[in-house]
2 protein chains.
Amino acid sequence: MATGRTHRPATRSRGIPEATVARLPLYLRALTALSERSVPTVSSEELAAAAGVNSAKLRKDFSYLGSYGTRGVGYDVEYLVYQISRELGLTQDWPVVIVGIGNLGAALANYGGFASRGFRVAALIDADPAMAGKPVAGIAVQHTDELEHIIEDNGVSIGVIATPAGAAQQVCDRLVAAGVTSILNFAPTVLTVPDGVDVRKVDLSIELQILAFHEQRKAGEDSVQDSGPPAPAARTAAADRKGPDGDVPAVMPA
Amino acid sequence: MATGRTHRPATRSRGIPEATVARLPLYLRALTALSERSVPTVSSEELAAAAGVNSAKLRKDFSYLGSYGTRGVGYDVEYLVYQISRELGLTQDWPVVIVGIGNLGAALANYGGFASRGFRVAALIDADPAMAGKPVAGIAVQHTDELEHIIEDNGVSIGVIATPAGAAQQVCDRLVAAGVTSILNFAPTVLTVPDGVDVRKVDLSIELQILAFHEQRKAGEDSVQDSGPPAPAARTAAADRKGPDGDVPAVMPA
DNA sequence: TCATCTTTGTGCACGCGTTCACAAAGACAT
DNA sequence: ATGTCTTTGTGAACGCGTGCACAAAGATGA
């Protein structure tokens, strides 16, 4: 999961727990699917199954929004779609800028899920002058120099960073200075932002590494003998460099 | 964040808490950067700052791996890089297949972070016959028909799904049947898998929606009067149907 | 009106994760 | 050796999130 990285200690925003907020989009997706099939009502049990969660959890989540269900019947699909959309702020238009139009940035620009739900790609920004003017996903890429203008002219408050790691913090700083207060970061770096700015990160390689951990565990469940970590004891300085295998890994991702 | 979605209730794998495992890649990245600058040792305070976490948390995390620090000095960078790499299973080679070579799949194939850390793109698979044979990121795309062969021949245990939502579950089933036990899902769907299979999902639009929620909250922070969640107490029936905002949505339960 | 049946909404208990705060451990100087 | 200083490793307290289990609420039918 991309992890929110804000120092807000326990931001129970307006009483809605963060964990619940993170699940609302899931419910919304399931409800939208039901709505398209013209299903009028669902029980917490059915909806929970569709969203892949526990039904008690779902009911408790909805209870934070208010009492929108009818006992003995369930929840009205259309009504709930509206309530969750409103709660998430999807009834309004959110202009978004994507900075860094490489492979990933271009893929994001083309991603349908963007446009669908209140999010509108207001601009694509790249530092490469050669990219300027080139259309990606039907939108002309603009140069980084224009960043501040774009943010202000369009009232953008959400920025997506898809640049290489080295440029991310700098881009982030400029976005924030220009007025952006929410950032979705795809660059493999920890971003530092002032209070009041939300950052969520999506990190490919972290996800893979977590999977690898579990995978290794499954594989070695029978034949593992731990190999006793080279006693961390007596180690003067840069003494024993090298693990049992001999050499250390290569390099880091860009 | 992409959220792990496995029904393992509390898989304290080998005693290492899930939350800690999720942070290890973060530490590893910071440590690798230090290593490249030939920094010999770091204190928990410094490393924690670089990784964007609390130092006490970092120390506790490391304590699950063993006692790798030296009191009064800190941690040996190279040694720790090795230990974490080993713990995460990055000292071995993980062949990975990417299924669904659209915009996103292609971007993933080109992503540097893949190759760098023990992960090797073993094959690119797509259902479109027109894609077959076409090279993406220097690898020829293969047709879905080959999926089972590819998995078995290469001993692939990690699969990445970057297909449209509609195809995801089916692809997932085939991957699992062929022997894949870890899946990274980019398709906006809830995947159902048998026990023993790990699924992590990365969902663009969910991340954006969570940001929108907080963004909306910030925007309305001054003009909002809280309106206290409709007192769960006295509410006759379908009485107060209307959000704090005042207006009523489309429909209501009969 | 009353009885029955379904499904919500929630009180409660439990466990994981986070953080504080401090004692133990080692480095280093004298 | 002994003392001082730094930094680790962890015991303990706390808070959030989860899930059970049940009472309350409403629908439905006689």
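A note on names: the letters A, B, ... follow the listed sequences, proteins ahead of strands, and every chain is numbered from 1.
Rounded to whole Å, atom P of D/dG17 lies 13 Å from atom CG of A/L24. Atom C1' of nucleotide D/dC20 and atom CG of A/L58 are separated by 16 Å, given to the nearest angstrom. With rounding to whole Å, A/E18 atom CD is found 17 Å from C/dG17 atom P.
Dense packing is recorded around CD of B/Q92, with more than 12 heavy atoms of other residues, nucleotides or ligands lying under 6.0 Å away.
Not a single donor-acceptor pair, N or O on each side, falls under 3.5 Å between the base of C/dG17 and the side chain of B/K57. The base of C/dT18 lies outside donor-acceptor range of the side chain of B/K60, with no N or O pair under 3.5 Å.
Taking the six-membered ring wherever Trp is involved, the centroid distance between the rings of B/Y68 and B/Y79 falls below 6.0 Å.
Distance alone, capped at 3.5 Å, is enough to place a donor-acceptor pair between the B/Q169 side chain and the B/T192 backbone. A distance-only check finds a donor-acceptor pair linking the side chain of B/Q216 to the backbone of A/R86 [under 3.5 Å].
Nearest to the side chain of A/R23, among D/dG9, C/dT19, D/dT18, sits D/dT18. Considering only the side chain of A/N54, D/dC20 comes nearest among C/dT18, C/dG9, D/dC20.
Nearest-nucleotide positions on DNA chain D place B/A56 closer to the 5' end than the other of A/T20 and B/A56.
Inspection of the A/D61 and A/T20 side chains reveals an N or O donor paired with an N or O acceptor under 3.5 Å.
A salt bridge is defined here as a Lys NZ or Arg NE, NH1 or NH2 lying under 4.0 Å from an Asp or Glu carboxylate O, and B/D203 with A/R29 meets this definition.
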Could you run down the sub-3.5 Å N/O contacts of the protein with nucleotides 6-8 of chain C?
residue	atom	partner	partner atom	Å
C/dT7	O4'	A/G72	N	3.0
C/dT8	OP1	A/S44	N	2.5
C/dT8	OP2	A/S44	OG	2.6
C/dT8	O2	A/R71	NH1	2.9

